[in-house]
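One structure is given here, and the rest of the page talks about it.
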Amino acid sequence: MTRRFPAGFRWGTATAAYQIEGSTTADGRGPSIWDTFTARPGVATGDPACDHYRRYREDIGLLNGLGVPYYRFSVAWSRIMPDGRTVEPRGLTFYDRLVDTVLEHGITPMVTLYHWDLPEALQAEGGWPDRDLASLFADYALTVHNVLGDRVRQWTTINEPFCAAFIGYGNGDHAPGIKDEGAALVAGHNLLLAHGKAAQALRSAGGEQEVSIVLNFAPVLTDVDDVAHREAARKFDFLHNRFFLDPLLGRGYPPELLADLAHLGTLEPAIADGDLEIIAQPLDVLGVNYYAPARAVPLEDPEADSNCPLPGLRGMDVQPPRGDLTSLGWEQRPSSFTDLLLWLHEHCPGLPLVIAENGAAFEDEVVDGRVHDEKRVRYFAEHLAAVHDAIERGADVRGYMAWSLLDNFEWAMGYTQRFGLVHVDFETQERVLKDSARFYADVVARNGL
Ligand code: FCB
């Protein structure tokens, strides 16, 4: 039996600038925090990544061959404003041509303004813990909109502020590599503020456009249904799933979460009068990234740090994933995806959802010019079925972007994790369609599974 998706369902693939572009010093581009963070011996950098800056025509051609009608990509602030403020026209020209190329193939561009690559010059001034970045980000958003806004209708301000704030400034696993939980909370707030100001700026520019933010969610599981486990799950859920969502919905930060984080002493003082109103700009859609659930357990010592990106979230711990894992060690659990979408449907009434990322890394091998990536095919089939289940049960899901079009630079994991529908040989830059690309093209062509 075919599972059909609603008419007009938006099928796409997604990428991010730093993960694919390479050419990190071309045409006046300034360094971003990821260039600085990876400038250590033995660490993989974003050069050459997929050399997409020079091969973008070929890559968009591939997308066209697959018949996938939407393409979500990000623009690099440090190409457009190398010092975070001054415009470099050559950077804008690149995205201007990219958008034209995408449109020439009949593909709809979806632009993300910030996918983690802050200009280093702004980090030198303090980075996201500095609230002045929120206004600078809005200026940048408007600059990009002035050039692309006549052709781009779908705008995402920020991708995964959870990771940008808590992994970048909390546990330091991502750029800029800072371990300061108090600063991480302030960074989280300022990222939301930057979203709100950018949403206002984009709307003030007029035109018909859709404004969204992309959040990453991790539904929380526990083994035992008792008060202590429920409270451990609640803590992680509020930090991971509601720190960003609730203020966006106009509900402010959940009081229980403020209490969980009060001992860090930085979040409440960082919330200035009027901030929550700015953050709560109406959203046209919510971008949802889902990869895996999390498993929570209580810690007996209420003062003990947790094993989560913000260790100061006390009294809970994150357990190792179980069952079938991806090569990145992420648990495969499509039913959690359905649960998440149904929960969002209830928690955010009237807000349409678009899956902005979902996908999996596995060890792929090119054999006789083919990549038989059955595990990824199964992952996509099961997760698309999970989305379909949620739609059948009432969730308003309008689209699905597969992560990712190309194998790419997977942040702290360098080039060791392949998420692409298209295999990239990072020595020769040869592209080979994986079986999952053919599978996905077929789903898109049928609008069904
Ligand atoms: C998400 C990121 C994306 C990619 C996937 C695997 O958290 O948004 O850039 O790295 O994970």
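All values derive from a computational prediction rather than experimental measurement. Starting from 1, each residue takes its place in the sequence as its number. Order of listing sets the numbers, starting from 1, for every ligand and every atom in it.
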Phe166: which residues meet the ring-ring contact (aromatic ring centres under 6.0 Å, His included) condition with it, sequence neighbours left out?
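Testing Phe166 for ring-ring contact (aromatic ring centres under 6.0 Å, His included), a comparison that skips the adjacent residues, returns Phe162, Phe243, Phe244.
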Determine all donor-acceptor pairs shorter than 3.5 Å in which one atom belongs to a side chain in residues 280-287; sequence neighbours excluded.
residue, atom, partner, partner atom, Å
Gln281, NE2, Glu277, O, 3.3
Gln281, NE2, Ile278, O, 3.0
Asp284, OD2, Arg203, NH2, 3.0
Asp284, OD2, Val211, N, 2.7

What are the distances between nitrogen or oxygen atoms of ligand 1 and protein nitrogen or oxygen atoms, counting only those under 3.5 Å?
residue, atom, partner, partner atom, Å
ligand 1, 7 (O), Glu160, OE1, 2.6
ligand 1, 7 (O), Glu160, OE2, 3.0
ligand 1, 8 (O), His115, NE2, 3.2
ligand 1, 8 (O), Asn159, ND2, 3.0
ligand 1, 8 (O), Glu160, OE1, 3.4
ligand 1, 8 (O), Glu160, OE2, 3.4
ligand 1, 8 (O), Glu357, OE1, 3.1
ligand 1, 8 (O), Glu357, OE2, 3.0
ligand 1, 9 (O), Gln19, OE1, 2.7
ligand 1, 9 (O), His115, NE2, 2.8
ligand 1, 9 (O), Trp411, NE1, 3.0
ligand 1, 10 (O), Gln19, NE2, 3.4
ligand 1, 10 (O), Glu410, OE1, 2.7
ligand 1, 10 (O), Glu410, OE2, 3.1
ligand 1, 10 (O), Trp411, NE1, 2.9

Ser306 backbone acceptor or donor facing Asp317 side chain under 3.5 Å
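Looks like no, no N/O pair under 3.5 Å.
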Taking Asp35 for the side chain and Ser32 for the main chain, is one N or O donor matched with an acceptor at less than 3.5 Å?
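Answer holds: yes.
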Under 4.5 Å between any side-chain heavy atoms of Lys434 and Phe439, yes or no?
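No. Closest side-chain heavy atoms not under 4.5 Å.
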Any side-chain hydrogen bond (donor to acceptor under 3.5 Å, both in side chains) pairs touching residues 125-134, not counting sequence neighbours?
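Listed by first then second residue: Arg85-Glu125, Tyr114-Trp128, Arg131-Asp275.
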